[in-house]
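Shown next, in structure tokens, is the structure this report addresses.
Here is the naming used below: chain letters follow the sequence lines, and residue numbers restart at 1 for every chain.
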Number of protein chains: 2
Amino acid sequence: MPVRKASVSAKDVAARAGVSRAAVSRTFTPGASVSEETRSKVIAAAEALGYQVNHLARGLISQKTGIVAVVGADLATPYRSELLRALTERLQAVGRVAILINTDRSDRSVDMALQQAIRYRAEAAIVLSGMPDKSISDLCHRNGLRLVLINRDDAHSRSIQIRLNDADAARLALTSFLRAGCRTLAVATSNAGTPSLVAREEGFLAEAHRRGLSVTCERFGPTGYESGLALGERLLVLPDRPDAIFCTTDLIACGVMDAARHRFSLSIPDDLSVIGFDDIPQSSWDSYQLTTFRQPIGEIASSAVDWLAEDEGDGETRVIRLAAPMSWRKSVRGSNAR
Amino acid sequence: MPVRKASVSAKDVAARAGVSRAAVSRTFTPGASVSEETRSKVIAAAEALGYQVNHLARGLISQKTGIVAVVGADLATPYRSELLRALTERLQAVGRVAILINTDRSDRSVDMALQQAIRYRAEAAIVLSGMPDKSISDLCHRNGLRLVLINRDDAHSRSIQIRLNDADAARLALTSFLRAGCRTLAVATSNAGTPSLVAREEGFLAEAHRRGLSVTCERFGPTGYESGLALGERLLVLPDRPDAIFCTTDLIACGVMDAARHRFSLSIPDDLSVIGFDDIPQSSWDSYQLTTFRQPIGEIASSAVDWLAEDEGDGETRVIRLAAPMSWRKSVRGSNAR
DNA sequence: AAGAACATTGCACACGTGTGCAAAATAAAT
DNA sequence: ATTTATTTTGCACACGTGTGCAATGTTCTT
């Protein structure tokens, strides 16, 4: 029961060009042998008919679809949308096409997303959030689907895991506060408990502990601006009000800054220094000028795509650690001189 | 030359379950006839082997792939990323999978993107930016690919075009300024010249003209925050400095507001009223509290997806016009009482 | 019990493509 | 001119699936 118009096939082009169907196929297969005379006849016929190779059929026979699944939740947040943009651009540059699977709906969605990726015989999947169950990861391997895990905790066998040096950044945040003369330190983070947020929080706390400093740590809600407002309100009413707050994401930082200014009439950075993480576009806006750590989005995208685009590796697990360089703006005391 | 592990096929499942390959197929085809005994044998075998139906093969034989292409540039801007999130969610809810094609690289990319969509035999394409050439639009039709054009100027035959009432919103922006007592009006927009921006600008100017009012219109750069800063700087140094600026997007408005406050020390809305368009998340942040028009993203997404998910229509062109309701915040004089 | 109606099953074909291989054609070497 | 080497071509098969159809099995009606 075909419900659609039949597309032009290689058979139609062959008839029009007066050659065999195999000659048509060879004309559109890189590296295949075809004479210039046949080639131009086929190209002319294909253009006249509007022929486009059917990649479903090609994928079926060649076992290479060119499809890469990108799997994630919260796709509209500044960091994730920018990463998605960079990934699609890079994938297209190496001849791949991205299937986007939104996992907003549940944690189990990563497993379901990967099963969907297998149904379309995706060559690889890039997981931006959530973590696949081991049985699904094995299923991916059995189906030749390669896994890229971005900012996930566990490495799965035969996959690549791209992590940031969150702890290094957190340490640098702490030392930057100390150098700026801040003494009452706090961490503001969400209840999401995702690997990156945990690493940043723990890195900050561990470095403070190593230096014999006490830090107030406040967690609240999902990882967004509204939680930042609430976290600012909770931290800034403390009797021992912090003069420095490390926020585990920039969205939280923007909320903290707005709470400080608009609800507590504090001046940043005179009364309160703030450091975030991500370097989203809004961090550079005049209303924020937030000092933060820049997500190396270009490097994440190229690391991910270069790995999956190379020939089948030897199956070992790889972990890539990238630095998140500091972006100095005006939210830390004494940072104007940088 | 297969370069990947052969996935489990229906043939493998049939052998394990002791039934025919057709029984396996029928078990995984909704509405097909299969006994409960056979079904449970097949299901058990499929689960043991990790079988996932090959949708490439299914698409080839059934001429229905479930694939919908989403085509657009500037995917990381707040409005577009939110629309993308809503579209993927809605597409998944009706059993479709989204192929995301990024057209940042050139105008001709929409044509190339649609050709790529045809190669994967996508059932439909949702175009978020750019406009396909007529010959490509025809090619889509010939291949049974249905077109959804969002905020594009021209309707193509046998497609659906979803537009906002930009001009109505612009008129309401003007009357809101007048009601707030503003007298020196300006429009701030980009050089992008996209259909929505032009409609908003022209709607504002036409209504002003109808009322015998003069408006300064300034255009600059791409459609982003930085252009808003620059536009604010250009408009606010005028000898006849505007006391009301209609910005054709919220990103531009945030830039204008930051320029007014941080570079001209103006108070909003006392010295300057600002209205934007889109209602991006940042518009509700304490630092902005921008009065704006809300993009009906949920309705756009459901209009688009409901149309393409329904059975083949009669081929007529449809235009859907949606209202962009006003979101009152604090950037217009006298708007606190709302 | 027999006949009619309905459900289930396996076979074989088709969807559109890439490719191994033998045959044919062309180019290069002697 | 003949032989050898290389290129090109068409045929037929395979990839994995859904389905028309004939054959078989089961249920319902008389």
> Rounded to the nearest Å, what distance is computed from the NZ atom of residue B:Lys64 to the C1' atom of nucleotide C:dC15?
Replying inline: 16 Å
> Expressed in angstrom and rounded to an integer, what is the separation of B:Arg21 atom CZ from C:dA12 atom P?
Replying inline: 12 Å
>> Tell me the closest heavy-atom pair linking B:Arg90 and B:Ala301, and the distance in Å.
In response: CG-O, 4.1 Å
> Under 4.0 Å between a side-chain N or O of A:Ser25 and OP1 or OP2 of C:dG18?
Replying inline: yes
> With no angle test and no hydrogens, is the base of C:dG16 tied to the side chain of B:Arg121 by a donor-acceptor pair under 3.5 Å?
Replying inline: no
> For the pair made of CD1 in B:Ile61 and C1' in D:dG18, what is the distance, rounded to whole Å?
Replying inline: 5 Å
> For the pair made of CD1 in B:Ile118 and P in C:dG16, what is the distance, rounded to whole Å?
Replying inline: 15 Å
>> Using OP1 and OP2 only, check whether a side-chain N or O of B:Tyr51 sits under 4.0 Å from D:dT17.
In response: yes
> Do A:Gln92 side-chain atoms and B:Asn102 backbone N/O form a donor-acceptor pair below 3.5 Å?
Replying inline: yes
> Within the pair A:Ser20 and D:dC11, is there a side-chain N or O less than 4.0 Å away from OP1 or OP2?
Replying inline: no
> Nearest-Å distance, CZ (A:Arg58) to C1' (C:dG18)?
Replying inline: 8 Å
>> Any base atoms under 4.0 Å from A:Ala22, or only sugar-phosphate, or nothing? Heavy atoms, all strands.
In response: base
>> Heavy-atom nearest nucleotide on DNA chain C for A:Leu60 versus A:Ala32: which residue maps closer to 5'?
In response: A:Leu60
> Reckon B:Thr38 has a side-chain N or O less than 4.0 Å from the OP1 or OP2 of C:dT9?
Replying inline: yes
>> Can you tell me how the ring of A:His55 sits relative to the ring of B:Tyr120, calling it parallel under 30°, perpendicular over 60° and tilted otherwise?
In response: tilted
> Tell me: CD of B:Gln63 to C1' of D:dG16, nearest whole Å?
Replying inline: 15 Å
>> Expressed as a whole number of angstroms, how long is the span from B:Glu37:CD to C:dT9:C1'?
In response: 12 Å
> Quick one: do B:Arg85 and A:Asp74 make a salt bridge, cutoff under 4.0 Å?
Replying inline: no
>> Here's a test of your reading of the structure: between B:Arg26 and B:Gln52, which maps to the more 5' nucleotide of DNA chain D?
In response: B:Gln52
> Which is true for A:Val34 with a 4.0 Å heavy-atom rule: it touches a base, it touches only sugar-phosphate, or it touches nothing?
Replying inline: sugar-phosphate
> Under 4.0 angstrom, heavy atoms only, what part of the nucleic acid is B:Ala10 near: base, sugar-phosphate, or nothing?
Replying inline: sugar-phosphate
> Is it true that B:Lys134 and B:Asp138 have a side-chain N and a carboxylate O under 4.0 angstrom from each other?
Replying inline: yes
> Nearest-Å distance, CD (A:Glu36) to C1' (C:dA25)?
Replying inline: 17 Å
> Does B:Ser35 put a side-chain nitrogen or oxygen below 4.0 Å from OP1 or OP2 of C:dT9?
Replying inline: yes
